[in-house]
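Below you'll find the structure, written out as structure tokens, and then a few comments.
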There are 2 protein chains.
Amino acid sequence: MPEDNSTSPKNLARRDQILRAARDVFIEFGFEDARVAEVGRRAGIAEGTVYLYYKTKTALMEAVLSVFWQDLTQGARDTVSRHSAPIEQLRALADYHLTSVIRDLPFLDLAAKLRKAYSVDPATRDRLRAYVAVFDEIFEAGIASGAFDDAQPLWIPRDMFYGTLEYSARTISLRKAKRPTGTVDNLISAFERTYGTTRPEPISKDLVERLERAVDRLESSS
Amino acid sequence: MPEDNSTSPKNLARRDQILRAARDVFIEFGFEDARVAEVGRRAGIAEGTVYLYYKTKTALMEAVLSVFWQDLTQGARDTVSRHSAPIEQLRALADYHLTSVIRDLPFLDLAAKLRKAYSVDPATRDRLRAYVAVFDEIFEAGIASGAFDDAQPLWIPRDMFYGTLEYSARTISLRKAKRPTGTVDNLISAFERTYGTTRPEPISKDLVERLERAVDRLESSS
DNA sequence: CAAAATTATGAGATCATCTCAGCCTATGAG
DNA sequence: CTCATAGGCTGAGATGATCTCATAATTTTG
């Protein structure tokens, strides 16, 4: 049998070949209805051989998801790097996230299927962390540069950001729309109003009093 | 075999008895690892009998979820009815939703497990619709009474509302906190700033500067 | 209380994941 | 060229789950 943790070209090629077939089968049938025999068939190998490279059907699915998260995170970084102002980076990230999630919703549903009630496995948690770090870095840089205030702990705006987009992705794809309409702009606008520092300072009591006195004088002198 | 759609007390009692057992088993083991034989054992009947009342394991799970959604929706309506101002109703609903979702996260994960990639079954969609209608009614009443503006289609604030709360529920229970801290207040505050009509129009920095210069001049000329 | 109708049973049919004894094939030493 | 050998591959079968259905048990009816 092939060595478990070999990194020889042959071994890696096989793993990749199986992974591609698995990806297709999982997407087409979902986790439950996906047959390991079918994965083998599409990879052109016997069912048993699949099990030499991935111990269980679940492990195979996890490997597929790992690649998915890696690609998603890389794509997010690429997109963000094309902008410089924090608020525009957020807008770009929001648009990228929404579009990706709509496109790959089946993947997220598969990921949910692996989640055990009452716990999240460490590997999944780490992948998610690496992904949301993209948001965190933008927001923290924004705080440092004075674009956002830091009245709230970081996770609160982060939850609003990803939560809104993920939920929207579901409703958008439910109504079979392809393009996000309004969601991203609305979210960014809510962010500007809630966390932005460039929003106009409310007028100070001091100035109001001075203005009133000045107007009084003007009115009485005319 | 018992009639499929009987409503006789005996039939209903059996169905309920099986449902309670199933609920416990699904919560304890998750969908995959739950054994129909165990459901039968806990209900004190044979495995085969379970299948007389629910055609498949999936149908059994769906029945359990149906009750869950009904209870959740009723609880939301009860909570909301204890307030009158739209914004306070929203706050109460947000708090109720967050608390419930944290408590019953295993249920939501089970629900996700039934979701087929590429589609949502009509029954689930209807249940979800009935639940989010609670939010919709509050927001629409708020628009009618002038408390909220209707610049955005309803589904945009709705997605932000439920999306933020659901995502927060995940991160909160991930870090094993029991009580929501800040999430609800922050969300409601973002709502007020983004959709509220009672917010005073912020005075522009430009105008503030002009006024200050004018007052300076007036004060010095006297 | 016997017959009929309804409800319950659990052994086994079916079909999935996963295992493993043996088969195949590439390589290179003699 | 032959043959030994080691690593890779195979697929029949072990295992264990859902679901079926002939039969048994129970309840209702006349």
Side-chain angles (χ1 to χ4, degrees), chain A residues 1-65 110 113-114 116-117, chain B residues 1-65 110 113-114 116-117:
Chain A
M1 96 184 61
E3 292 305 307
D4 264 19
N5 44 7
S6 163
T7 54
S8 73
K10 228 175 195 159
N11 189 295
L12 287 179
R14 256 281 131 81
R15 291 186 91 85
D16 191 59
Q17 174 191 21
I18 294 170
L19 223 50
R20 285 167 192 283
R23 207 192 74 104
D24 293 349
V25 172
F26 281 132
I27 287 289
E28 187 169 336
F29 296 98
F31 185 70
E32 302 257 297
D33 293 342
R35 301 288 161 235
V36 176
E38 177 66 17
V39 173
R41 207 185 58 73
R42 294 203 192 186
I45 57 177
E47 186 178 1
T49 307
V50 175
Y51 282 96
L52 295 180
Y53 290 87
Y54 298 94
K55 283 194 205 311
T56 65
K57 184 182 170 185
T58 303
L60 181 55
M61 180 73 218
E62 256 156 18
V64 169
L65 282 172
L110 288 174
K113 242 148 245 171
L114 290 191
K116 292 260 178 281
Chain B
M1 100 184 55
E3 293 303 309
D4 265 18
N5 44 8
S6 162
T7 53
S8 74
K10 226 173 197 164
N11 189 296
L12 286 179
R14 255 277 188 280
R15 291 184 92 86
D16 190 58
Q17 173 191 21
I18 293 170
L19 223 50
R20 285 168 192 282
R23 206 193 75 104
D24 292 349
V25 172
F26 281 132
I27 287 289
E28 188 170 335
F29 296 98
F31 184 71
E32 302 257 297
D33 293 342
R35 302 290 161 233
V36 177
E38 177 66 15
V39 173
R41 205 185 59 73
R42 294 204 193 186
I45 57 177
E47 186 177 2
T49 307
V50 176
Y51 282 97
L52 295 179
Y53 289 87
Y54 297 95
K55 283 194 207 311
T56 66
K57 183 182 172 185
T58 301
L60 181 55
M61 180 74 219
E62 257 157 17
V64 168
L65 282 172
L110 288 175
K113 243 149 242 169
L114 290 191
K116 294 255 179 286

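All heavy atoms count here, side chains included; hydrogens, waters and symmetry mates do not.
Considering only heavy atoms from C-beta on, A:L19 stays 4.5 Å or farther from A:Y53 through its side chain.
Residues passing the salt bridge (Lys or Arg N to Asp or Glu O under 4.0 Å) test with B:E38 are B:R41, B:R42, sequence neighbours excluded. Here B:F31 pairs with B:F26 under the ring-ring contact (aromatic ring centres under 6.0 Å, His included) rule; sequence neighbours left out. Every residue two or more places apart in sequence or in another chain that forms a side-chain hydrogen bond (donor to acceptor under 3.5 Å, both in side chains) with B:Q17 is listed here: B:R14. By the salt bridge (Lys or Arg N to Asp or Glu O under 4.0 Å) test, B:D16 pairs with B:R20, sequence neighbours left out.
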For nucleotides 18-21 of chain D, give me every protein contact, N/O to N/O, under 3.5 Å, one pair per line with atom names.
from   : atom 1 : to    : atom 2 : distance (Å)
D:dT18 : OP1    : B:A34 : O      : 3.3
D:dC19 : OP2    : B:Y51 : OH     : 3.3
D:dC19 : OP2    : B:K57 : N      : 2.8

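Whole-Å rounding puts the B:R41 CZ to C:dG10 P distance at 14 Å. As a whole-Å value, the separation of A:E38 CD from C:dC15 P is 17 Å. Between the CZ atom of B:R14 and the C1' atom of C:dT6 there is a distance of 13 Å, given to the nearest Å. Put simply, CD1 on A:I45 is 16 Å from P on C:dT25, counting in whole angstrom units.
Atoms CD and CG, from B:E62 and B:L114 in turn, are 5.5 Å apart once rounded to the nearest 0.5 Å.
Defining each end axis of the helix from C:dC1-D:dG30 to C:dG30-D:dC1 as the rotation carrying four pairs' C1' atoms onto the next four, with five pairs an end, the two axes are found to diverge by 20° to 10 degrees.
Applying the salt bridge (charged side-chain N to carboxylate O under 4.0 Å, His left out) test to every pair with at least one member in residues 44-54 of chain B, sequence neighbours left out, gives no pairs at all.
A side-chain contact (heavy atoms from CB on, under 4.5 Å) with B:Y54 holds for exactly one of B:V39, B:L60, B:V64; it is B:L60.
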